[in-house]
Amino acid sequence: MILSEKITELRKRNGLSQEEFGAEIGVSRQAVSKWEMAQTTPDLNKIMAMSEFFDVPTDFLLKDEYDLSFLENKSSENSTAIKVDSSKEIRDSSKETMVELSEVQGYIDAKKKEAKSLVLAIFLFWLSPFPGIIISLFDEELAIVGVIAQIIMLIILAIFIILALWKLAPYKYLFKEDMELGYGVRGVVEDYKKSFEHSFILGIIIGVVSLLAAVIPMMIISLFVEEDVSIMMIAASIMMIIFAFGISCIVYVVTINQGYKRILMLK
């Protein structure tokens with residue numbers, strides 16, 4: 001029984017129209033219709049949402065060999081087993097080396113958090129000299145205060161990076177040599193990666209343009225304004241912010257895209 005048929009049957013069993021079901025999981029009636037006609041495949045988030053809404057394991061939704069009798073048999077044996085711990089059921093019905101959708105979703109969410117942490121770290125790195133520079137413009141004797149502020153910002157930067165790596169640590173086991181993707185997971189991840197391609201390309205373009213345009217404020221100031229330390233510092237600050245923005249755009253989309261690629265490198 002394929003995924004489209006399962007969605008249709010589960011929806012009907014719960015007495016829901018396509019519009020009502022779509023409203024429950026946050027999609028349009030047209031999206032539900034395309035799923036049920038097997039024209040499109042739900043992404044990772046929607047698979048997880050349907051699993052929770054229908055109270056069924058993702059393994060049941062993705063594996064064609066499971067039909068609705070599978071749920072009925074499981075319910076008669078132990079009505080709480082699926083609801084409490086679907087991952088245990090997955091491990092019982094497949095090899096210990098199988099990576100399931102819920103694990104992939106957790107890893108991708110961790111990669112997105114890592115990307116955000118790296119963006120914050122990049123901005124802190126490029127902006128860290130500014131307090132000292134600004135303070136020294138007004139009072140050179142207080143320059144030490146700026147140095148202290150810079151050190152504090154760099155410490156916060158290091159904390160962001162450590163936290164990002166710490167959140168990814170629980171998923172190291174996914175990339176052992178004997179690990180492989182569970183049935184149907186590869187197709188869902190490929191669809192998810194494909195839907196991210198537009199954001200990936202846009203992020204790279206914006207990042208590259210920002211890096212190239214970062215020097216423009218300084219060039220304009222040098223052409224039309226007489227030499228003034230304060231104005232030059234403002235121009236330099238703007239340049240650094242634009243530069244940091246460009247790097248952040250590239251790092252953000254590349255980090256997330258690498259997460260998808262790494263998952264798809266599994267067997």
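None of these values were measured; they are calculated from a predicted model.
To the nearest 0.5 angstrom, Ile247 atom CD1 is 12.0 Å from Leu118 atom CG. Atom OG of Ser117 is separated from atom CH2 of Trp166 by 11.5 Å, given to the nearest 0.5 angstrom. A distance of 10.5 Å separates OG of Ser210 from CZ of Phe243, quoted to the nearest 0.5 Å. Between atom CG of residue Leu168 and atom CD of residue Glu114 there is a gap of 4.5 Å, rounded to the nearest 0.5 Å. Between atom CD1 of residue Ile206 and atom SG of residue Cys249 there is a gap of 5.5 Å, rounded to the nearest 0.5 Å.
For the residue pair Pro42 and Ile7, the shortest heavy atom distance occurs at CG-CD1, 4.1 Å.
Within the structure, salt bridge (charged side-chain N to carboxylate O under 4.0 Å, His left out) pairs that include any residue of residues 19-33 do not occur (at least two apart or interchain).
Under a 3.5 Å cut-off, the side chain of Ser51 and the backbone N or O of Val56 do form a donor-acceptor pair. For Lys193 (side chain) and Asn257 (main-chain N/O), no donor-acceptor pair under 3.5 Å exists by modelled atom type.
Using a 30° and 60° split on the angle between ring planes, Phe21 and Phe53 fall in the tilted class, from 30° to 60°.
More than 12 heavy atoms of other residues, nucleotides or ligands shown are found within 6.0 angstrom of NZ on Lys112. The number of heavy-atom neighbours closer than 6.0 Å to CD of Glu52, taken from other residues, nucleotides and ligands shown, is 12 or below. Under a cut-off of 6.0 angstrom, the local environment of CZ in Phe245 is sparse, with at most 12 non-hydrogen atoms contributed by other residues, nucleotides or ligands.
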